[in-house]
Amino acid sequence: MFQVASHPTAFDLHSYAHAPRRPSVPSPSLVPAVQLPRTLARPPFAEVSRDAIAAAAPELADIPAEYIRTGLRSKANEMLAGISALSHMPGSMPRSRLPRSLNIPLKTTSSEPSHPTHVLAVTSSKNPSDMATLLPVHSLVLASYCAHLPRLPSSQQDPQSPTLHLPVLPLSLPSPAAFSVLLSFMYHHRLEAVLKALFPMPTGFLQSLSHDTVKAALASGPVLHQLSSYLCSSTSANPQTLTIHAAHVKELWQTMVALGLHDPELWDTIDLAWEVILGAFNLAAAQ
């Protein structure tokens with residue numbers, strides 16, 4: 001099993017779904033003190049493995065990783081279409097019964113998608129469970145983003161076959177739910193999707209969100225206050241609900257650290273999310 005260590009401090013996280021109901025505000029005497037770090041530290045930069053890239057795509061062995069990541073963005077739709085072309089792909093499986101590989105039938109498509117190369121069976125390193133989340137992936141995507149993952153074994157496919165033969169690789173991470181968010185980012189590089197997965201944000205702010213928008217928000221006290229006020233209001237200033245949202249951010253950070261995912265745009269987005277969370281807690285405490 002591939003295993004990457006979690007950060008020593010952790011929240012329990014059960015779901016990334018936003019609760020539809022508006023929670024009631026508990027009595028101040030029943031609200032426990034919430035202590036959060038002022039910042040979420042970024043680990044030292046680590047370059048991705050050239051060996052892992054060469055194993056995934058030998059023709060790109062000498063190409064800088066940044067160029068590979070940029071090139072992959074233009075192929076995101078192809079790769080996502082390849083994942084969608086999988087028929088009868090199980091979403092989870094008991095860890096004790098994981099096979100070495102899966103044979104997955106392919107749907108008939110009019111386009112030529114780029115099919116995945118492996119299936120990751122992701123479990124939590126903090127809350128061991130018998131169930132593993134199964135996620136089809138492209139090895140080059142992981143190799144070009146994740147410095148702490150080892151090279152993935154070879155995956156040979158017959159282009160004429162109606163099925164894919166995908167190796168199944170167990171992977172232990174701080175949060176499978178957070179990994180799903182990060183994996184989506186590695187494909188489509190959408191910062192607004194990352195923020196939407198963490199907690200409620202104003203629709204107007206998320207529209208056409210860019211790295212420049214994120215950096216401008218981090219540098220603007222009024223914008224940070226507006227975003228924190230929105231989050232505080234959407235949770236009815238409930239500290240327990242805010243703690244759940246803080247857990248979402250912290251689990252994402254822990255999983256990024258574990259993977260060795262050093263994307264500056266993503267790190268700045270995590271910084272913004274944490275500032276908004278801290279501001280919302282301060283506003284809730286003042287009510």
Side-chain angles (χ1 to χ4, degrees), residues 15-18 48 52-53 56-57 60 63-86 89 91 104 106-107 109-120 122 133-149 152 164 166 171 173 175-215 217 248-249 251-253 255-273:
S15 171
Y16 269 62
H18 298 147
V48 296
I53 289 177
L60 300 178
I63 304 299
E66 180 58 37
Y67 286 97
I68 296 174
R69 289 190 288 267
T70 301
L72 285 174
R73 294 183 200 178
S74 64
K75 298 182 178 181
N77 289 337
E78 267 178 58
M79 293 188 290
L80 293 173
I83 293 174
S84 296
L86 301 182
M89 173 70 202
I104 307 296
L106 291 172
K107 302 174 186 175
T109 61
S110 56
S111 60
E112 294 185 7
S114 173
H115 294 124
T117 59
H118 298 77
V119 171
L120 296 183
V122 187
T133 300
L134 301 184
L135 297 169
V137 298
H138 294 76
S139 58
L140 182 57
V141 173
L142 294 178
S144 63
Y145 274 97
C146 302
H148 293 170
L149 288 185
L152 302 188
L164 280 184
L166 300 177
L171 177 64
L173 288 169
S175 169
F179 178 70
S180 294
V181 175
L182 295 173
L183 184 61
S184 294
F185 172 81
M186 292 181 226
Y187 279 96
H188 56 54
H189 212 81
R190 288 172 48 201
L191 298 176
E192 77 278 5
V194 174
L195 287 176
K196 285 177 67 175
L198 295 175
F199 49 69
M201 295 281 280
T203 302
F205 179 78
L206 293 176
Q207 289 177 342
S208 303
L209 186 70
S210 67
H211 189 206
D212 287 340
T213 308
V214 170
K215 290 190 292 184
H248 293 174
V249 181
E251 293 278 358
L252 199 73
W253 165 66
T255 306
M256 285 177 63
V257 172
L259 291 169
L261 207 170
H262 296 279
D263 185 281
E265 297 184 20
L266 188 55
W267 276 112
D268 285 345
T269 302
I270 295 301
D271 286 345
L272 175 61

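Because the structure is predicted, anything quoted here is derived from the model rather than measured. All heavy atoms count here, side chains included; hydrogens, waters and symmetry mates do not.
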Is there a side-chain contact between [X] and [Y] (heavy atoms, below 4.5 Å)?
X: Leu198; Y: Val181; answer: no
X: Arg190; Y: Leu209; answer: no
X: Ile83; Y: Pro116; answer: yes

Can a donor-acceptor pair be found, under 3.5 Å and without considering hydrogens, that links the side chain of [X] to the backbone of [Y]?
X: Ser184; Y: Ser180; result: yes
X: Lys196; Y: Met201; result: no
X: His118; Y: Leu152; result: no
X: Trp253; Y: Asp271; result: no

Would you call Arg69-Glu66 a salt bridge at under 4.0 Å N-O?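 Looking at Glu66 together with Arg69, the answer is yes, because their closest N to O distance falls below 4.0 Å.
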With Asp263 via salt bridge (Lys or Arg N to Asp or Glu O under 4.0 Å) - residues at least two apart: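 So Asp263 forms no salt bridge (Lys or Arg N to Asp or Glu O under 4.0 Å) with any residue.
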Salt bridge (Lys or Arg N to Asp or Glu O under 4.0 Å) partners for Arg73, two or more places apart: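 None.
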Taking side chain to side chain contact (heavy atoms under 4.5 Å, CB included) as the definition, give me every residue that meets it alongside Ser210, ordered by chain and number, with sequence neighbours left out.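 So Ser210 forms a side chain to side chain contact (heavy atoms under 4.5 Å, CB included) with Asp212, Thr213.
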Tyr145 and His262: aromatic ring centres closer than 6.0 Å?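 They do not qualify: ring centres at least 6.0 Å apart.
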